[in-house]
There are 2 protein chains.
Amino acid sequence: MADIGGQTAAASKPVGLSRIQEKNRNLILEAALGEFSRYGFSGATVERIAAEAGMSKSNLLYYFASKEAIYNAALAHILDVWLAPLKTLDANGDPAEELAAYIRQKIEISASFPEASRLFANEVMQGAPQILPILEADLKRLVTEKSAIIDGWISAGKIKPVDPLHLIFTIWATTQHYADFSVQVRALTGRDLSDPGFKAETEMAVTSLILNGIGLDWPKEAASSA
Amino acid sequence: MADIGGQTAAASKPVGLSRIQEKNRNLILEAALGEFSRYGFSGATVERIAAEAGMSKSNLLYYFASKEAIYNAALAHILDVWLAPLKTLDANGDPAEELAAYIRQKIEISASFPEASRLFANEVMQGAPQILPILEADLKRLVTEKSAIIDGWISAGKIKPVDPLHLIFTIWATTQHYADFSVQVRALTGRDLSDPGFKAETEMAVTSLILNGIGLDWPKEAASSA
DNA sequence: TTGCATCTTGACCAGTTGGTCAAATCAATC
DNA sequence: GATTGATTTGACCAACTGGTCAAGATGCAA
């Protein structure tokens, strides 16, 4: 299992923690996510995180040894959720349905956890100082595995030839854009993914663009069987 | 003309500056771009910018009143370059050629000025504290104008119906992804846009995906005239 | 050369911030 | 309810950082 600065990447709750410890660590991680995603690592302050979590700075540092430890724990905390959708891509499923489902999940996460998206984006944009090893190991393994599935669909003539990596990058880029640049999206459209109507519209636009882009029908027409 | 914290958005060199002033302001802006894009506003330090520009911190503050003033000047300095490609989208051109050219320019900029891309991304992700007014005024005006062109192409039956805003967002997201997340791209592919081969491959992949996505032929086939 | 404005810098200051520590408080077990 | 370990906090410290200031260095025009 990959870890970040000693923080296990799994979202599993460490078992040896008391009731108070688990409650406080969760409060801290929740507050840290908000703070780090809003201000970045340097801009965040331990004092604000503590205040947001409802405790003193000293007490926060009783639970995490340093600011960097909090940051790593917050990163580890979101990483599983972040990578989960890609894992569900199934070689035996229908390509259109599989990719549509993947895009739907990514947009759902962008809508539900925009802070997680921004935290991750921030980390990677600064050169991924903490999670580069995970990108190079775990993520690369996962992406290589799923790229093979897409290549299989191409070989079977189910989708147009396309470099699977660029397809994956395109899906990541578009879906995360709506979370990371929500301020810009809101400035231009007046809405963002927190609006259910806009979320549905975005999902349809992105899905149909990408699926049509690789030669698939979307939304699926009953034409051939009518 | 829009401005940011008193800094004119135009890249025009102020005319009333001495030779020394112009040289030093440029050195500072260059250094500031590197520093702010790498560490974000909070993480950047005036001292490092000054060192990178080859002068003392005091001297830097002789040219710019504050850290925020440097930041705003750097932002203003890149904004024109950043928005230029969209301005070239021509209603009278061929949709496929026009959009392909736009994507090509965006990728070119991502490849040539990745730091500018990251600086802009950072600013927007933090809520666009400095340039929100520009997004809401200048950018919105430009995007509205170009959306009308795309809508015109749809009405003329030249491209499939698609919300122009989502199309534009998709182009922004994909092209900028390769600059902003270059570390992740490199971790997964071993290459980035600084590699001419990878840049060409990326341009082809993104262009064909998006153009096919809206019902255009790309790369253009001579099929109909053969 | 001289005089003046521009340019440059080191010393310094005040506010912020991550982190330490000893003491106080709380919770659970006997 | 006494004891012991876990939890919580305020006081405090050292490093860093943005910004000021007075003085010196430099460029330039007459």
Side-chain angles (χ1 to χ4, degrees), chain A residues 5-7 13-75 122 126 129-130, chain B residues 5-7 13-75 122 126 129-130:
Chain A
Q7 297 294 330
K13 317 291 181 189
V15 286
L17 298 184
S18 74
R19 185 177 43 83
I20 293 176
Q21 284 175 333
E22 182 171 331
K23 185 195 68 174
N24 281 341
R25 289 180 65 100
N26 281 340
L27 282 173
I28 292 168
L29 289 180
E30 201 65 32
L33 176 59
E35 178 77 5
F36 284 125
S37 69
R38 219 184 333 269
Y39 303 105
F41 178 78
S42 304
T45 76
V46 177
E47 179 112 37
R48 274 202 303 259
I49 296 173
E52 178 72 24
M55 67 186 68
S56 68
K57 184 178 63 167
S58 303
N59 201 23
L60 184 149
L61 288 166
Y62 169 73
Y63 288 100
F64 291 93
S66 67
K67 184 185 183 182
E68 195 179 319
I70 309 168
Y71 180 74
N72 285 332
L75 219 43
N122 224 299
Q126 315 256 322
Q130 304 296 330
Chain B
Q7 297 294 331
K13 317 290 179 188
V15 286
L17 297 184
S18 74
R19 183 177 45 85
I20 293 177
Q21 283 175 334
E22 181 171 332
K23 184 194 68 172
N24 281 340
R25 290 180 65 99
N26 282 339
L27 283 173
I28 292 169
L29 289 180
E30 202 64 32
L33 176 59
E35 177 77 5
F36 284 126
S37 68
R38 219 183 336 267
Y39 303 106
F41 178 79
S42 304
T45 78
V46 177
E47 179 111 37
R48 273 202 304 258
I49 296 174
E52 178 72 24
M55 66 186 68
S56 68
K57 185 177 62 165
S58 303
N59 201 23
L60 184 149
L61 288 165
Y62 169 74
Y63 288 99
F64 291 94
S66 66
K67 183 184 184 182
E68 195 178 320
I70 309 168
Y71 180 75
N72 285 333
L75 221 41
N122 224 301
Q126 315 255 321
Q130 304 296 330

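Lettering of chains follows the sequences in order, A, B, ..., and the numbering in each one begins at 1.
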* Provide, to the nearest angstrom, the distance between the CD1 atom belonging to B:Ile70 and the C1' atom belonging to D:dT17. => 13 Å
* To do: Rounded to the nearest angstrom, tell me the gap between atom CG in A:Leu27 and atom P in D:dT8.
  => 10 Å
* Could you grab the distance from atom CD of B:Gln130 to atom CG of B:Leu75, nearest 0.5 Å is fine? => 7.5 Å
* Asked: About how many Å separate CD of B:Gln21 and CG of B:Asn26, when rounded to the nearest 0.5 Å?
  -> 11.5 Å
* **Distance below 4.0 Å between B:Asn59 side-chain N/O and C:dC7 OP1 or OP2** => no
* To do: Report yes if at least one side-chain N or O of B:Gln21 is closer than 4.0 Å to OP1 or OP2 of C:dT6; otherwise report no.
  => no
* Asked: Which residue lies toward the 5' end of DNA chain D, B:Gly43 or A:Asn24, if each is placed at its nearest nucleotide?
  -> A:Asn24
* Given side chain to side chain contact (heavy atoms under 4.5 Å, CB included), test B:Lys67 with B:Ile49 step by step and report yes or no. => CA-CA 10 Å; B:Lys67 183 184 184 182; B:Ile49 296 174; 5.8 Å; no
* Asked: Tell me: OH of A:Tyr39 to C1' of C:dT16, nearest whole Å?
  -> 15 Å
Could you go through residues 29-46 of chain B and list every donor-acceptor pair under 3.5 Å that involves a side-chain atom there, pairing it with any protein atom two or more places apart or in another chain?
unit_1, atom_1, unit_2, atom_2, d
B:Glu35, OE1, B:Arg48, NE, 3.4
B:Glu35, OE2, B:Thr45, N, 3.1
B:Glu35, OE2, B:Arg48, NE, 2.7
B:Glu35, OE2, B:Arg48, NH2, 2.8
B:Ser37, OG, B:Leu33, O, 2.8
B:Ser37, OG, B:Gly34, O, 3.1
B:Thr45, OG1, B:Arg48, N, 3.1

Name the atoms and distances for all side-chain donor-acceptor pairs under 3.5 Å in residues 53-63 of chain A, with sequence neighbours left out.
unit_1, atom_1, unit_2, atom_2, d
A:Ser56, OG, A:Asn59, N, 3.1
A:Tyr63, OH, A:Asn24, ND2, 3.0

* Asked: Rounded to whole angstrom units, what separation is found between the CD atom of A:Glu35 and the P atom of C:dT17?
  -> 10 Å
* Structure fact -> From CD of A:Glu22 across to P of D:dA6 the rounded distance in Å is 18 Å
* What is the distance from OH of B:Tyr62 to P of C:dT6, rounded to the nearest Å? -> 7 Å
Polar atoms only, N or O, under 3.5 Å: list the protein pairs with nucleotides 25-30 of chain D and their distances.
unit_1, atom_1, unit_2, atom_2, d
D:dC28, OP1, B:Arg19, NH2, 2.9

* Asked: Rounded to whole angstroms, how far apart are NZ on A:Lys23 and P on C:dC26?
  -> 14 Å
* Asked: Which ones in residues 49-56 of chain B lie close to DNA chain D, meaning a heavy atom under 4.0 Å from one of its atoms?
  -> none
Could you run down the sub-3.5 Å N/O contacts of the protein with nucleotides 18-20 of chain C?
unit_1, atom_1, unit_2, atom_2, d
C:dG18, OP1, A:Ala44, O, 3.2
C:dG18, OP1, A:Lys67, NZ, 3.1
C:dG18, OP2, A:Val46, N, 3.0
C:dG18, N7, A:Lys57, NZ, 3.0
C:dG19, OP2, A:Lys67, N, 2.6
C:dG19, N7, A:Lys57, NZ, 3.3
C:dG19, O6, A:Lys57, NZ, 2.9
C:dT20, O4, A:Ser58, OG, 3.4

* To do: Check side chain to side chain donor-acceptor pair (under 3.5 Å) between A:Glu52 and all other residues, then give those that pass, not counting sequence neighbours.
  => none
* How many Å lie between OH on B:Tyr63 and C1' on C:dT8, as a whole number? -> 8 Å
